[in-house]
Amino acid sequence: MKNLKDQLTQIVSAAFEASGYDPDYGQVTVSQRRELADYQCNGALPAARPYQTNPRQIAQEVADRLTGHAAFAEVSIAGPGFINLRLADDFIADQIAGMKADPGGRCGLEPVAQPQTIIVDYGGPNVAKSLHVGHIRAAIIGESIKRIARFLGHDTLGDIHLGDWGLQMGQVIAELRERQPDLIYFDPAYQGEYPAESPVSIDQLEEIYPAASAKSKADPEWLELAKEATGDLQAGRRGYLALWRHFVNVSVADLKKNYERLNVDFDLWLGESDVQPLIPGMVESLIRDGHAVESEGAIVIPIEEEGDKKEFPPLMLVKSNESVGYATTDLATILMRVRDYDPDAILYVVDARQQFHFTQVFRAAYKSGIARREKVSLEHNYFGTINGPDGKPFRTREGGVMKLADLIDMVVAKAFERMAEIDAAADYPEKERLEIARMVGIAALKYADLMNHRTGDYTFDLDRFSSFEGRTGPYLLYAAVRTRSILRKAAEQGLTSGAILPAAGETERELHLKLLELPDSILHAFETRAPNHLCDYVYGLATIYNRFYREHHILTETDPSRQASWLAVAELTVQVIELVLDLLGIEVPQRM
RNA sequence: GUUCCCAUAGCUCAAUGGAUAGAGCGUUGGUCUCCGAAGCCAAAGAUCCAGGUUCGAUUCCUGGUGGGGACACCA
């Protein structure tokens, strides 16, 4: 089924063409003035100049051709030449029926004609370091972009891209060596098997890492030790490798637990370490092909491009001490992804502060041919920083970072309190109430983040994530759950949904039209890589639906065919709300 | 210094170059003998400044002002 806006554009374009104008002027949009029209076409205005005529005259010619078309109840022109389209109620009802009957629950969104292979790189947590609030946006926004791409029919893979191979690993090793020098991993002479059990727990790691990091900053000599340990690890020292595997395993288990609570999951759990074997060959070939050159003792890739106003620092490929940094790793990651998946796009959902870094890496990848510009779209879908009240990146009062697990605990606890306050779910089993509180809390948290455009910074405020009234995640859950309750009662009474009738009033008509905007809204969110557009859409839908709910009492309706139609509309609305929430990565409880 | 991002109502945020700039919170006032009031209805309240492009600019361009980020050997 073709989406409504495209159908209308097709009709209007044909009218432009039949009147002797370029059909491209026939683009139709949802009207900004809903009291005047449902959809509008502004094409007559820009057409006036090239055709050297009055826009109102063009509009009139086109409108004359459209009048009488079965889709329209009224075609009029207004202002300087807007073509206003009011759709026929029975045409709308037919569209709704088509949407509801659409196979596969796609609600009128056709899968893309040419599916692409898309890798979404999000998450990017470091091993040995627990998730903190700074990781939340990548997880939430990335997950949503991944789901949207997948729903559109693209072959989509989410990759967590673990930070598991940098200096931080050497720092942790050095720190542990200082604390427990007798551990068998530090004995160079040891030749046997290493224990299967990790010598450190996740909690210990989380304490060791910041301690080591702080020491590195304060003490240059200690930093050298850490770098040395990093070098030894990367050179393959047995004991260090064994230790490193423990760190990774312990961390990944913890990461999985936390991401799972957020309803975030990855198809690939690859990390920086996975591309290390590719690096020597990549560097060699870059040098051989002349893309990489020696500079100040290091090997760099110059990446200036024509049009640069200022000199552009080159990408640091191999440092003067012969080690490699994350730019090199990221380049090798592109090499691996191209080799293994042949992607059409790689979307990096990463903090805006990495913009410069990605510009360097993308330029180097294209310039060297690691990625072909005409084949792979490398995009940094950056997001803004979560700031504290002082406008700087958020820190807790103690100056530390707030752990994501703690934030989730707080939000879920708030949801639980809230349920008790309003006496919700009071007679449900304890276990279900806890699960509902989790879903409500996570919905509040995720919606509060996703509703903001991803590029903007925002200020951390616990109230923002634990608000359950007004424009929030729970509002949306409530609309869905309340409707499910009606549908359950209807089923108990033996009532079933039936044919969709033309809208019974203005509110239902608006609801129909809003439902029909779904496909376009998903497409728009994907094209702009901006899930907040879906947040807007689903909130608008739920609001209109709530009004409909108040105005029409479905279960006591006396006209059986009207009642059956309303049940069908209610079913479709729940389906759409749940579909959009799923694209946002938000789960909906059966009841709450 | 160079460069990137941001600036909309008291607060927090929206807005595909279109007509009268939308919400939520907060404030004030309504609304449960009726499918779940985490709801619904109503009131007051805003595009940083100056130019430019355009039939039309919150949106695009230039220059200011203010805030934040980044700028080769840490990731």
Side-chain angles (χ1 to χ4, degrees), chain A residues 27 29-33 35-36 40 42 45-46 48-49 55 78-82 84 124 126 163 165-168 171 213 216-217 223 227 272 295-300 309-321 323-327 329-330 351-357 359-360 382 384-385 387 391-393 418-419 421-422 424 440 448 451-453 455-459 461 463-464 467-472 474-479 481-483 485-487 489-490 520 524 527-528 532-533 535-536 539-540 543 546-547 549-557 570 591-592:
Chain A
Q27 184 63 51
T29 58
V30 172
S31 177
Q32 306 292 306
R33 297 284 301 273
E35 72 282 10
L36 299 178
Q40 66 183 42
N42 304 333
L45 283 80
R49 182 182 285 257
F82 300 115
N84 282 334
N126 280 333
W165 199 248
L167 176 65
Q168 80 267 25
Q171 289 174 326
S213 179
S216 289
K217 279 177 192 151
L223 178 62
K227 283 186 176 174
E272 297 176 330
S295 167
E296 296 176 30
I299 299 171
V300 301
K309 290 171 196 148
K310 183 72 182 168
E311 67 175 300
F312 219 95
L315 179 140
M316 176 61 55
L317 191 66
V318 183
K319 300 174 206 168
S320 48
N321 69 359
S323 68
V324 300
Y326 84 139
T329 301
D330 276 2
D351 192 294
R353 286 172 292 184
Q354 304 285 335
Q355 272 183 110
F356 182 72
H357 162 71
T359 304
Q360 286 191 314
Y382 61 86
T385 312
N387 291 324
K392 304 272 170 136
R418 176 66 178 162
M419 286 166 64
E421 265 171 41
I422 60 175
V440 169
M451 70 188 281
N452 302 305
H453 190 91
T455 57
D457 294 346
Y458 70 73
T459 303
D461 176 5
D463 292 341
R464 151 188 232 118
S467 164
F468 308 114
E469 283 169 19
R471 186 176 182 154
T472 63
Y475 174 95
L476 302 165
L477 302 190
Y478 185 73
V481 164
R482 198 166 61 164
T483 306
S485 166
I486 294 178
L487 296 174
K489 285 178 180 155
D520 199 50
H524 186 228
E527 280 158 14
T528 53
N532 69 302
H533 291 122
C535 292
D536 263 3
Y539 177 72
T543 300
N546 280 337
R547 200 154 72 228
Y549 172 92
R550 177 180 54 83
E551 289 177 14
H552 301 295
H553 205 270
I554 298 176
L555 291 179
T556 56
E557 171 59 32
R591 54 179 194 169
M592 62 192 265

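Sequence lines set the chain letters: A, B, ... in the order given, protein chains first and strands last, and positions in each chain run from 1.
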(message) From the set B/rU54, B/rC74, B/rC35, return the single nucleotide nearest to any side-chain atom of A/Lys319.
(response) B/rC74
(request) Figure out the CZ/P separation between A/Phe312 and B/rA70, and round it to whole Å. (result) 15 Å
(request) Classify the nucleic acid contact of A/Val318 as base, sugar-phosphate or nothing, counting any heavy atom under 4.0 Å across all strands shown. (result) nothing
(request) Ignoring hydrogens and angles, tell me if any N or O in the side chain of A/Thr543 forms a donor-acceptor pair with the backbone of A/Tyr539 under 3.5 Å. (result) yes
(message) Nearest whole Å is fine: how far is B/rA75 C1' from A/Glu272 CD?
(response) 7 Å
(message) Among B/rA38, B/rG36, B/rA15, which nucleotide has an atom closest to any side-chain atom of A/Pro474?
(response) B/rA38
(request) Sticking with atom C1', work out how far B/rG22 lies from B/rU8, rounded to a whole angstrom. (result) 11 Å
(request) Please report the C-alpha distance between A/Tyr478 and A/Val481 in whole Å, then the side-chain angles of each, then the deciding distance to 0.1 Å, and finally whether the side-chain contact (heavy atoms from CB on, under 4.5 Å) criterion is met. (result) CA-CA 5 Å; A/Tyr478 185 73; A/Val481 164; 5.8 Å; no
(message) Of the options B/rC55, B/rC41, B/rA14, whose atoms approach the side-chain atoms of A/Arg550 most closely?
(response) B/rC41
(message) By nearest atom, which of the nucleotides B/rA75, B/rA37, B/rA23 is closest to the A/Gln168 side chain?
(response) B/rA75
(message) Nearest to the A/Asn532 side chain among B/rA14, B/rU20, B/rC55, which nucleotide is it?
(response) B/rA14
(message) Donor-acceptor pair, distance only, cut-off 3.5 Å: does the side chain of A/Ser295 make one with the backbone of A/Ala298?
(response) no
(request) Take atom P in B/rC40 and the same atom in B/rG26, then report the distance between them in whole Å. (result) 14 Å
(request) Would you check if A/Thr385 and A/Asp457 make a side-chain contact, meaning some heavy-atom pair closer than 4.5 Å? (result) yes
(message) Taking 4.0 Å as the cut-off, does a side-chain nitrogen or oxygen of A/Arg482 come that near to OP1 or OP2 on B/rA37?
(response) yes
(request) Could you state the atom-to-atom distance from CG of A/Asp536 to C1' of B/rA21 in whole Å? (result) 14 Å
(request) Check the distance between B/rU8's C1' and A/His453's NE2 and give it to me in whole angstrom. (result) 15 Å
(message) Using whole Å, what does the distance between atom P of nucleotide B/rC73 and atom CG of A/Leu223 come to?
(response) 13 Å
(request) Determine the Euclidean distance between corresponding C1' atoms of B/rG63 and B/rA9; express it in Å to zero decimal places. (result) 28 Å
(message) Starting the side chain at C-beta, find the nucleotide from B/rG68, B/rC35, B/rG18 nearest to A/Asp457.
(response) B/rG68
(request) For A/Pro46, answer base if it contacts any base atom (sugar-phosphate contacts may also be present), sugar-phosphate if it contacts only those atoms, and nothing otherwise; contact means non-hydrogen atoms under 4.0 Å. (result) base
(request) Could you check A/Pro314 against A/Arg547 and say which one's nearest nucleotide on RNA chain B is further toward the 5' end? (result) A/Arg547
(message) As a test of reading the structure: which of B/rG36, B/rA15, B/rC41 is closest to the side chain of A/Ala424, going by heavy atoms?
(response) B/rG36
(request) Send over the distance from A/Gln360 CD to B/rC74 C1', rounded to a whole Å. (result) 14 Å
(request) Could you verify whether a donor N or O on one side chain and an acceptor N or O on the other, from A/Glu272 and A/Thr329, lie under 3.5 Å apart? (result) no
(message) Should A/Tyr326 be counted as stacked on B/rA75, where stacking needs a ring-centre gap under 5.5 Å and an angle between planes under 30 degrees?
(response) yes
(request) Name the nucleic acid region contacted by A/Gly325, choosing base, sugar-phosphate or nothing; use a 4.0 angstrom heavy-atom cut-off, strictly under. (result) sugar-phosphate
(request) Assess the side chains of A/Thr459 and A/Asp461: does a donor N or O sit below 3.5 Å from an acceptor N or O? (result) no
(message) Please determine whether a side-chain nitrogen or oxygen atom of A/Tyr549 lies at a distance below 4.0 Å from atom OP1 or OP2 of B/rC34.
(response) no
(request) Determine the interatomic distance between P on B/rU58 and the same-named atom on B/rC48; round to the nearest Å. (result) 10 Å
(request) Would you indicate whether the side-chain heavy atoms of A/His553 and A/Thr556 approach each other to under 4.5 Å? (result) yes
(message) Would B/rC6 be called syn or anti here, given the cut-off of 90° from 0?
(response) anti
(request) Taking only the side-chain heavy atoms of A/Tyr382 (C-beta and beyond), determine which of B/rC40, B/rG18, B/rC5 contains the nearest atom. (result) B/rC5
(request) Identify whether a stacking contact exists between A/His553 and B/rC35, where the ring centres must be under 5.5 Å apart and the planes under 30° apart. (result) yes
(message) Quick check: on RNA chain B, is the nucleotide nearest A/Val481 upstream (toward 5') of the one nearest A/Pro313, or the reverse? Name the residue that is more 5'.
(response) A/Val481
(request) May I ask you to evaluate whether A/His357 reaches the phosphate of B/rC71, defined as a side-chain N or O under 4.0 Å from OP1 or OP2? (result) no
(request) With the side chain of A/Asn126 defined as its heavy atoms from C-beta on, choose the nearest nucleotide among B/rA75, B/rA37, B/rC55. (result) B/rA75
(request) Considering only atom P, compute the distance from B/rA42 to B/rC25 and round it to an integer number of Å. (result) 14 Å
(request) Provide, to the nearest angstrom, the distance between the OH atom belonging to A/Tyr458 and the C1' atom belonging to B/rG67. (result) 19 Å
(request) Determine the Euclidean distance between corresponding P atoms of B/rA7 and B/rG45; express it in Å to zero decimal places. (result) 24 Å
(message) Using atom P in both nucleotides, what's the gap between B/rC41 and B/rC5 to the nearest angstrom?
(response) 39 Å
(request) For B/rG56 and B/rU20, measure between their C1' atoms and round to the nearest Å. (result) 15 Å
(message) In this structure, how many angstroms lie between the P atom of B/rU3 and the CZ atom of A/Arg353, rounded?
(response) 22 Å
(request) Kindly say if A/Lys489 contacts the phosphate of B/rG36, meaning a side-chain N or O under 4.0 Å from OP1 or OP2. (result) yes
(request) On the 0 to 90° scale, with breaks at 30° and 60°, tag the A/His533-A/His524 ring pair as parallel, tilted or perpendicular. (result) tilted
(message) Strictly below 4.0 Å: does A/Asn42 bring a side-chain N or O up to OP1 or OP2 of B/rU16?
(response) no
(message) Does B/rC5 have its OP1 or OP2 closer than 4.0 Å to a side-chain nitrogen or oxygen of A/Thr455?
(response) no
(message) Below the 4.0 Å mark, does B/rA38 have OP1 or OP2 next to a side-chain nitrogen or oxygen of A/Tyr478?
(response) yes
(message) Let's see if you can work this out: which of B/rC73, B/rU16, B/rA75 has an atom nearest to the side-chain heavy atoms of A/Gln32?
(response) B/rU16
(request) State whether the side chain of A/Gln360 and the backbone N or O of A/Phe312 hold a donor-acceptor pair below 3.5 Å, judged by distance alone. (result) no
